[in-house]
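Before any comments, here is the structure.
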Protein chains: 2
Amino acid sequence: MPEKVTIADVARHAGVSRQTVSNVLNTPEVVREETRRRVLDAVEELGYRVNQAARQMRTGRSRLIATRIEPDRDGINGSVLDRFLHGLTESAARAGYRVLLYTADDDTAEIATFADLLGAYEPDAFVLTGTHHGDIRTSWLLDRSMPFVTFGRPWGVPDGTPHAWVDVDGAAGTAAATRHLLDAGHRRIGFLGWPAGSGVGDDRREGWARTLRAAGVDPAGLDRATSDGVDDGEAAARELLESGDPATALVCVSDSLALGALHTVRSPGAATPAEHRAGPPVAVIGFDDTPVAKAVGITSLSQPLAEAAASCVTLLTRLLDGDSRPSGSSGDPHPHVLLQPSLVVRRSG
Amino acid sequence: MPEKVTIADVARHAGVSRQTVSNVLNTPEVVREETRRRVLDAVEELGYRVNQAARQMRTGRSRLIATRIEPDRDGINGSVLDRFLHGLTESAARAGYRVLLYTADDDTAEIATFADLLGAYEPDAFVLTGTHHGDIRTSWLLDRSMPFVTFGRPWGVPDGTPHAWVDVDGAAGTAAATRHLLDAGHRRIGFLGWPAGSGVGDDRREGWARTLRAAGVDPAGLDRATSDGVDDGEAAARELLESGDPATALVCVSDSLALGALHTVRSPGAATPAEHRAGPPVAVIGFDDTPVAKAVGITSLSQPLAEAAASCVTLLTRLLDGDSRPSGSSGDPHPHVLLQPSLVVRRSG
DNA sequence: TACTTCTCTTTGAACGTTCAAACCCACGGA
DNA sequence: TCCGTGGGTTTGAACGTTCAAAGAGAAGTA
C-alpha cells in the first residue's frame with residue numbers, strides 16, 4: 001500500500017496553500033517564479049501525483065478514452081485492430097489519456113455499454129471502430145453530444161462528416177494494387193470482395209473497377225462477392241480462374257480471401273485449365289498486410305495504423321481540450337483524416 | 001451531455017435518505033424488503049448509475065485492472081497476448097472490473113508506469129505478462145504489497161510461488177508434441193529453441209528432452225538455440241537437417257521458428273542432402289497456434305488463452321474481494337493455476 | 001495620506017459517495 | 001411505567017481536488 005501523498009501534504013511542505021499547489025500544476029503562469037519552483041521541488045521530493053478520482057469529481061473529466069476490443073474472428077484480420085489499439089494506447093498516453101477497454105457483441109450491446117461506462121467511469125471520449133451503414137452507435141453518441149472519433153468513415157451519410165473520423169483510403173489502395181498489376185502486364189484482373197452493402201468492401205471494389213476502366217478494361221464479370229473466410233476465398237477464386245476467359249491476377253478485399261485465392265492458385269489440382277497453367281502464375285494481392293500475408297508471401301496493402309491511431313487522438317484532444325462550443329454548431333464541418341495505404345510487394349504479385 | 005443522476009436524486013424520488021440508497025446497492029440485506037423495492041424502482045426509473053470516481057474517493061477502490069499491451073514484434077507471436085487481452089477484458093467485465101491499458105518498452109519503464117498509474121488512477125490490481133528470470137516488476141509490486149497476478153510463472157524463484165500466477169504448461173506441450181512425433185515413427189526429433197536463460201524457452205526444451213530420453217533417444221546434438229525470427233528458424237533448421245545424422249522432425253519453441261523451419265523443409269534447394277529427400281517430408285511442430293500456423297498448415301500447440309485470462313480474474317477477485325490479510329503472511333502459498341496446451345494437428349506434422 | 005490597481009496567494013465550498021455513529025420506534029420483560 | 005434491545009433508517013463527516021471569490025501587499029496616482 002503506497003503511502004498517499006495529497007496536495008495538502010505538498011502545500012504544507014512548501015509552505016503554501018492547497019490552491020497554490022493546484023495552480024502550479026494546472027495554471028503555472030499565475031504563480032510567481034520562486035513559489036512555483038518551491039512547490040515543484042516539494043512535488044518532486046514527496047513524489048506527489050494528482051489523484052484522478054478527486055480531480056474528476058471536481059472537473060468532470062476522467063482523462064479516459066474508451067474503446068472496444070474485438071474478438072478476432074478468423075484470427076487474420078483481428079491483428080489489424082490490435083495494432084491500431086496499440087497505437088491508440090501509445091498516442092493517448094502521450095496526450096495524457098489512458099485507454100479503457102470494453103467488449104460488446106453487437107451495436108446494441110455496445111450502446112448499453114456506453115450508458116454503463118458513462119454512468120460509472122465517465123470516459124471523456126470514445127473511439128469507435130468498424131463503422132458501417134446506418135450505424136446506430138454514432139447517432140446515439142451524437143444525440144448525447146458525447147465526444148468521439150471513429151476509425152472508419154461514416155458510410156452512407158449524405159453530408160459526409162456528421163462527426164470526426166479517421167480512415168484509410170481503401171479505394172486508393174485497391175487502385176494502386178490494380179495499377180501495379182496493369183504495369184506488370186496483366187489485363188484480366190479479378191476482384192474478390194465482400195457482398196455489396198459493406199462500406200469498406202464497396203469502397204475497395206470501386207478503386208479496382210475505376211482503375212480497370214481507366215485502362216480500358218471492362219470489369220464486368222471479373223468480380224466475385226463472398227463472406228470473409230479462407231475457404232470462401234478459395235472457392236470464389238476458383239470460379240474466376242476457371243471461367244471461359246479466366247483472370248490472370250486477383251485483387252482481394254482482405255488477406256483472408258487472398259490466402260484462399262492463393263490456395264487455389266498454388267494447388268496443383270485441376271483449378272486452372274491446363275492451357276493456362278503453362279503461363280506465369282496468377283498474381284494475388286491482399287489487403288491489410290497481416291502477419292499471415294507476410295508469412296505466406298502475399299503482396300498486400302498496408303494500413304498506417306499507428307498513424308491512424310495518432311490522428312484519432314489528435315482529433316480527440318482538439319475536441320476535448322479545444323473550445324467547448326456545442327459540437328453540432330453549423331458552419332464548420334467535423335474534422336477528418338484520410339490516410340493512404342501502401343503496397344507491400346511480395347512473391348504473390 | 002447526459003444528465004447526471006446522483007444518489008441524492010434517487011433518495012428524493014424514493015422518499016428515503018442517501019445512505020439507504022447506498023445500502024440497497026451495497027448491502028441490501030440490511031434494508032427492509034419494501035424499502036429496497038421502492039429504491040430499486042427509483043434507480044431503474046431514473047437510470048441511476050453509481051459514480052466510480054466518487055465511490056473511489058471514499059472506498060479507495062477503482063474497480064480497474066491495469067495491464068500492458070505490447071507492440072507485436074514480428075506480428076506472429078503478438079496475437080497470443082492480444083487474444084489473452086480480449087479474454088481478460090471479458091472476464092474482468094463479468095467480475096465488475098474494467099481493463100486499463102498502458103505500454104512500456106522495458107521493465108524499468110513499466111515500473112515507472114506503475115507508479116504513475118497508482119498515483120493517478122489507482123488501479124486495484126495489475127496483470128503482468130511475460131515474466132522472466134529476475135523480474136524486477138514483481139518485486140516492486142510485492143514491496144508495495146500491490147495485488148497482482150502474472151500470466152507466466154515466476155521463473156527462477158526457489159520458493160516457486162511468491163505471488164499469484166497463471167501459466168500454461170509449456171513442457172507438457174512440447175512433451176505431447178514429441179510423443180506425437182514418436183508415435184508417428186520418428187526417432188531423430190530435433191528442437192528449435194531460444195537461447196538458454198529464458199524461463200519459457202528452457203521449460204519447453206525440457207519437455208522435449210525429457211520425452212526423447214524416456215523413449216531411449218539421446219537428445220544431445222539435436223537442439224539449436226536461436227533468437228525468435230523466421231530467418232533464424234530457417235537457418236537453425238538447416239543446420240539440424242544437414243548434419244551427419246539429420247533430424248526427421250522438429251519441435252519448435254514458437255510458430256515463428258516453425259515457419260522458418262518449414263521454409264527450409266519445403267524449399268526445393270540443397271537444404272537437405274539428396275539421399276534424404278526421397279523419404280517422407282520432415283515434420284514440423286510449432287507453439288502458440290497463431291493465425292499464421294493455421295494459414296500455413298503448421299501443427300502447433302494451442303494455449304487456452306481465454307481460460308488463462310479467466311483464471312487471472314478469478315485469482316484477482318479472490319485477492320481483492322477476499323479477506324484482506326497481509327498478502328505476505330506465511331503459511332498459505334499463493335494460489336496459482338497451470339493450464340494444459342493442446343496439440344492442433346495440421347499438414348506439417 | 002488615502003485611494004486605486006495589480007499581482008500573487010489563501011479561504012470556503014462543492015463534486016457524489018460511503019463510513020461511523022446517532023437516531024427512532026416498536027416490542028418484551030421487569 | 002420504565003428500561004433495554006434490536007431492526008431499520010438518517011445525519012454528519014470525510015475522501016482529494018478545483019472553482020469562485022476574497023484577501024494581502026506592494027506599487028502607483030492624486
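Here is how names work: the chains are called A, B, and so on, in the same order as the sequence lines, proteins then strands, and each is numbered from 1.
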### Task
Taking ring-ring contact (aromatic ring centres under 6.0 Å, His included) as the test, write out the residues that go with A/Phe148, two or more places apart.
A/His163
#### Entry: Within residues 35-54 of chain B: residues closer than 4.0 Å to DNA chain D (heavy atoms)
B/Thr35
Scan the side chains in residues 7-14 of chain B for donor-acceptor partners under 3.5 Å anywhere in the protein, sequence neighbours excluded, and list what turns up.
{"from": "B/Asp9", "atom 1": "OD1", "to": "B/Arg12", "atom 2": "NH1", "distance (Å)": "3.4"}
{"from": "B/Asp9", "atom 1": "OD2", "to": "B/Thr6", "atom 2": "N", "distance (Å)": "2.9"}

### Smallest separation among heavy atoms of B/Val16 and B/Val39, with atom names
CG2-CG2, 3.9 Å
### Query
Just by distance, with hydrogens left out, do B/Ser311 and B/Thr314 show a side-chain donor and acceptor under 3.5 Å apart?
no
## Note on the structure
With sequence neighbours left out, the residues meeting salt bridge (charged side-chain N to carboxylate O under 4.0 Å, His left out) with A/Glu29 are none
### Summary
Heavy atoms of B/Asp107 and B/Arg137 approach each other most closely as OD1-CD, 3.5 Å
### Query
Does the pair B/Arg37/B/Glu34 count as a salt bridge with the N-to-O cut at 4.0 Å?
no
#### Entry: Interface residues of residues 12-31 of chain A with DNA chain C (non-hydrogen, below 4.0 angstrom)
A/Val16, A/Ser17, A/Arg18, A/Gln19, A/Thr20, A/Val31
### Query
When the C1' atoms of the five terminal pairs at each end define the local axes, what inter-axis angle does the helix from C/dT1-D/dA30 to C/dA30-D/dT1 show, to 10 degrees?
70°
Under 3.5 Å, sequence neighbours excluded: what are the donor-acceptor pairs made by side chains of residues 53-61 of chain B?
{"from": "B/Arg55", "atom 1": "NH2", "to": "B/Asn26", "atom 2": "OD1", "distance (Å)": "3.1"}
{"from": "B/Gln56", "atom 1": "NE2", "to": "B/Tyr121", "atom 2": "O", "distance (Å)": "3.2"}
{"from": "B/Gln56", "atom 1": "NE2", "to": "B/Glu122", "atom 2": "OE1", "distance (Å)": "3.0"}
{"from": "B/Thr59", "atom 1": "OG1", "to": "B/Arg55", "atom 2": "O", "distance (Å)": "2.9"}
{"from": "B/Thr59", "atom 1": "OG1", "to": "B/Arg61", "atom 2": "N", "distance (Å)": "3.2"}
{"from": "B/Arg61", "atom 1": "NH2", "to": "B/Tyr97", "atom 2": "OH", "distance (Å)": "3.1"}
{"from": "B/Arg61", "atom 1": "NH2", "to": "B/Asp321", "atom 2": "OD1", "distance (Å)": "3.4"}

### Summary
B/Glu33 atom CD is separated from D/dG7 atom P, nearest whole Å, by 17 Å
### Task
Tell me, please, which residues at least two apart from A/Phe84 pass ring-ring contact (aromatic ring centres under 6.0 Å, His included).
A/Phe151
### Summary
Hits for salt bridge (charged side-chain N to carboxylate O under 4.0 Å, His left out) against B/Arg63, two or more places apart or cross-chain, chain-then-number order -> none
### Query
Which sits closer to the 5' end of DNA chain D, B/Arg32 or A/Thr6, going by the nucleotide each is nearest to?
B/Arg32
### Summary
Sorted by chain and residue number, the ring-ring contact (aromatic ring centres under 6.0 Å, His included) partners of A/Phe126 (sequence neighbours excluded) come out as A/Phe114
## Note on the structure
The first and last nucleotides of DNA chain C lying within contact of chain A, meaning any atom under 4.0 Å from one of its heavy atoms, run from C/dC8 to C/dG16
### Task
Run the salt-bridge test on A/Asp116 and B/Arg98 with the 4.0 Å N-O cut-off and return the result as yes or no.
yes
### Task
Using ring-ring contact (aromatic ring centres under 6.0 Å, His included) as the criterion, list what pairs up with A/His336, not counting sequence neighbours.
A/Trp165
